[in-house]
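Worksheet: one structure, shown below.
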Number of protein chains: 2
Amino acid sequence: MPNPANKIRNWLKENRVAGVHLVQKMVQENSTRGNESGTQAVVIEKCRQLGLLLDIWEIGDNELKNHPAYFCDRESFEGNPNLVAVLKGTGGGKSMILNGHIDIVPVGDEASWTYDPFSGHIEEGKLYGRGATDMKGGNAALLLAIEAIIASGIKLKGDIIFQSVIEEESGGAGTLAAVLRGYQADGAIIPEPTNMKIFPRQQGSMWFRITVPGKAAHGGTRYEGISAIEKSVQVIQGLQQLEKRRNERIEDPLYKGIPIPIPINIGKISSGEWPSSVPDTAIIEGRMGIAPGETMESAQFEMETCLKELNEQDAWLRENPLKLEWFGARWLPGSLESDHPLMINLIDSFKEITGEAPVIEASPWGTDGGILSNVGDTPVVVFGPGVTKVAHDANEYIVLEEMFTASEVIALTLLKWCGIQGND
Amino acid sequence: MPNPANKIRNWLKENRVAGVHLVQKMVQENSTRGNESGTQAVVIEKCRQLGLLLDIWEIGDNELKNHPAYFCDRESFEGNPNLVAVLKGTGGGKSMILNGHIDIVPVGDEASWTYDPFSGHIEEGKLYGRGATDMKGGNAALLLAIEAIIASGIKLKGDIIFQSVIEEESGGAGTLAAVLRGYQADGAIIPEPTNMKIFPRQQGSMWFRITVPGKAAHGGTRYEGISAIEKSVQVIQGLQQLEKRRNERIEDPLYKGIPIPIPINIGKISSGEWPSSVPDTAIIEGRMGIAPGETMESAQFEMETCLKELNEQDAWLRENPLKLEWFGARWLPGSLESDHPLMINLIDSFKEITGEAPVIEASPWGTDGGILSNVGDTPVVVFGPGVTKVAHDANEYIVLEEMFTASEVIALTLLKWCGIQGND
């Protein structure tokens, strides 16, 4: 009789086509913010077929909205539910949260895509589409791990708490709502695209908006105005300097080899209404990375100080200062000890399945792990298939082979973490 | 019996309240592009009361659209007519076009306005509102000059061809349509806000759009993408250098004292969709000033060369070059000899009315004068009330006293130019 690990492996091998079909269906549904319900329906139907206990609800109650970790500018959650689906254990084992977000970022410039961003096109072992890597491939890996365990007739002692949440890309209100609904566990895995690396640290991040003042004038006498675009160039350069200073301080060996451990990303700029006018205002929006050991407040203070310096160095800005807002999304940083039992378990499982030692690094981006660990008091490790490089890019894809390997590693970790009934 | 000039002066003095009311009504109607009809209706009603021959038509026929000087991206002119209103002379005199545009630029940041941009609020001799200076104050000065002549019982020999055109702020399709409809004259005055200076030269200008390519990535690993915003900073700096080189060449003494005779104004930038993503494209739009002696083509070639150099200096742009488009508005440069009879007449009238010598300069911005002179073969001088500095700015205003002075100078010029019947 094959042992449980072999049963899992065989099941995943034999059900490859169905597994690919599952992730393809998930990718083919656009689940950008406010449109999550289509993909969520695919996931709900899958969980229903697996016989999991379903908890489907629309988030947004007052407890959530008044929570200090709630940073969200979304007006309505109607029609786009959160999902938690539980595989109850027989008792006496450790519980595990498997957390994945269903929301995806916008497609960007569609012309840069070779295939339709929602095609789910497969070529040379890669499945293409917005969200394939971030993180529908990871979510499918979770579902396949659960299905492999159930289909193999293995009964676990501890609970598996599968979470398919909205709002991760906008600051984690979905995961926060799940925590506040009472879902906690002895451990959690988030299969964000780590490229199969294991991330015990999660960088935090915050969104900022800088309003740059100018003074309108006719473009033909532009010297009579103050260009908000020219002033924005100074702000961009100031932020680049700030990013440099902040990253030079990072000494955590887990960030070794990462060019910019805690980036300041300038994601948007918008200024001006008319080619022949000097623009009187510019709006810059971006994302500031927060180091695992750092508080949100100290990072905010550093940026405020940077903008104050920019104001002082410029005659116009001295009288018309830059305005800084922290808005929308916010991801708390998180950190797990490298020798935590969950780390040891996952590392061992990885070695067993792949025959190689995993790469252990600090994540260069935020995840919902900060909420799970800081608010939900649940130890978190981030590990999943897919390369970050393509996560928010055109032609995003997931390498299907990796997705199945991740699924197997996670399933094996679950067997050891939750414990198998009748195995002791 | 008072002489004609005194009659004009007295009439303007006695009808000040009505004159202020006229410009106020014009300013209170928003006439941004596509919404010109409200202000135009005020002007049409005034011309009807004055008994002028009205020619009201919607522009946009094929002759216009196929004309080489037609540069316009507007889809429909429906409901927003052009107006030409003629005061026929008794014969034997020189004709004069009085040309003003009815369209205004957008209001910009409304929060920067002390009063509603369409209030027509009057305080300390200034009337406030978008378009007050550019150029409803000038248009009112023209109408008051015509009314003063008519009301004073003066019969002119030459025709006065009053034009209230759309589309000046977007490249002059309204004036071009009037030229193609057959309106030409021995001279033309355009009362754009010259701050009562006399401009025999008109700078031309063109609108450009530069598409800056980037490469999307997750902001947390922004080093895996290429920021279109960072590349835009290089483009902005390159355009600043180009502007510097082009202006260092200008030697026309009429541009003496103008800080940037032919500016390159960057009026708009837009890039990015998401704070946490590296933006994959940026759009920069602006206005390139053309020197009176320069061709549009040679200026275009200079900018193309500048962008080519930027491409060559950058590894990313070398493979993903900047894209340049010339779109929408275009104003031909124009030039009148300083000793042209129209110049001498206007200068003399200015001296008679104000007791001072006028300042003669080259205009730092384009006007419809380029079309009137180049296409319509009509000598043009630009002279009007209002300061350019506030033209496209918040809290735009017209100094009412200046408006009446300009009106008197123009009326006196008309008397001499068109000739008074029975006066020889």
Side-chain angles (χ1 to χ4, degrees), chain A residues 105-106 108-109 112 134 169 203 205 207-209 215-225 227 229-230 232-233 236-237 240 258-260 263 265-282 285-287 289 328-329 363-366 388-394, chain B residues 105-106 108-109 112 134 169 203 205 207-209 215-225 227 229-230 232-233 236-237 240 258-260 263 265-282 285-287 289 328-329 363-366 388-394:
Chain A
V105 297
D109 179 14
S112 301
D134 186 11
E169 297 287 359
Q203 186 202 103
S205 65
W207 282 2
F208 59 88
R209 180 185 295 126
K215 188 172 175 302
H218 189 293
T221 52
R222 71 172 196 81
Y223 41 86
E224 292 173 344
S227 166
I229 292 176
E230 283 181 19
S232 294
V233 169
I236 290 166
Q237 290 168 337
Q240 287 167 338
I258 294 176
I260 311 173
N265 182 65
I266 299 170
K268 286 176 79 173
I269 184 169
S270 168
S271 181
E273 302 183 72
W274 194 257
S276 292
S277 289
V278 175
D280 62 0
T281 186
E285 289 181 3
R287 169 200 180 279
S363 90
W365 24 255
T388 326
K389 199 187 293 199
V390 305
H392 289 195
D393 200 354
Chain B
V105 297
D109 178 15
S112 302
D134 187 10
E169 296 288 358
Q203 186 201 102
S205 66
W207 283 3
F208 59 87
R209 179 185 295 126
K215 187 171 176 301
H218 189 292
T221 51
R222 71 173 198 80
Y223 41 84
E224 292 173 343
S227 165
I229 292 175
E230 283 181 20
S232 294
V233 170
I236 291 166
Q237 290 168 336
Q240 286 168 336
I258 293 177
I260 312 173
N265 181 65
I266 298 170
K268 285 176 80 172
I269 183 169
S270 168
S271 181
E273 301 182 73
W274 194 259
S276 292
S277 290
V278 175
D280 62 0
T281 186
E285 289 180 2
R287 169 199 181 280
S363 90
W365 25 255
T388 326
K389 200 187 291 199
V390 304
H392 288 195
D393 200 354

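Computed from heavy atoms alone, side chains included, the values below leave out hydrogens, waters and symmetry copies. The sequence lines fix the lettering, A, B, ..., with proteins before strands; numbering per chain opens at 1. Computed from a prediction, not measured in an experiment: that's the story for all the values here.
In this structure, the portion of A:W207 lying under 4.5 Å from any heavy atom of chain B is its side chain and not its backbone. The part of A:V105 that comes within reach of chain B is its side chain, from C-beta onward, which places non-hydrogen atoms under 4.5 angstrom from that chain. Contact annotation for A:S205: neither backbone nor side-chain heavy atoms come within less than 4.5 Å of a heavy atom of chain B. For A:I260, the parts lying under 4.5 angstrom from a heavy atom of chain B are both the backbone and the side chain. Both the backbone and the side chain of A:D109 come within contact range of chain B, with heavy atoms under 4.5 Å apart.
Of the inter-residue distances, the one linking A:S227 atom OG with B:I266 atom CD1 reads 7.0 Å to the nearest 0.5 angstrom. Considering CG of A:D393 and OG1 of B:T221, their distance stands at 9.5 Å, rounded to 0.5 Å.
In terms of the side chain to side chain contact (heavy atoms under 4.5 Å, CB included) criterion, residue partners of A:D134 (sequence neighbours excluded) are, by chain and number, A:H101, A:E169, A:E192, A:P193, A:A391, A:H392, A:E396, B:H218. In this view, A:E285 and A:R209 satisfy the side-chain hydrogen bond (donor to acceptor under 3.5 Å, both in side chains) rule, not counting sequence neighbours.
Interface remark: of the candidates B:P279, B:P259, B:S270, B:P259 forms the most heavy-atom pairs closer than 4.5 Å to chain A. Chain B forms more heavy-atom pairs under 4.5 Å with one residue of A:S112, A:G289, A:G225, A:G108 than with any other, namely A:G108. By number of non-hydrogen pairs under 4.5 angstrom with chain A, the leading residue of B:K215, B:K268, B:Q237 is B:K268. The candidate from B:D280, B:I269, B:I229, B:I236 with the greatest count of non-hydrogen atom pairs under 4.5 Å with chain A is B:I269. When each of A:E230, A:E224, A:Q240 is scored by its heavy-atom pairs under 4.5 Å with chain B, the top score falls to A:E224. Of all the listed residues (A:V278, A:N265, A:T281), the one sharing the greatest number of non-hydrogen pairs under 4.5 Å with chain B is A:N265. The most heavy-atom pairs under 4.5 Å with chain B, out of A:G267, A:P275, A:G272, come from A:P275.
Across every non-hydrogen atom of A:A216 and B:A394, the tightest pair is CB-N, 4.3 Å. Closest approach of B:S276 and A:R287 over heavy atoms only: OG-CD, 3.4 Å. Scanning all heavy atoms of the two residues, the minimum distance from B:E273 to A:P106 falls at OE1-CB, 3.7 Å. Summarising the geometry of B:G220 relative to A:P263, their closest heavy-atom pair is O-CG, 3.2 Å, with the distance given to 0.1 Å.
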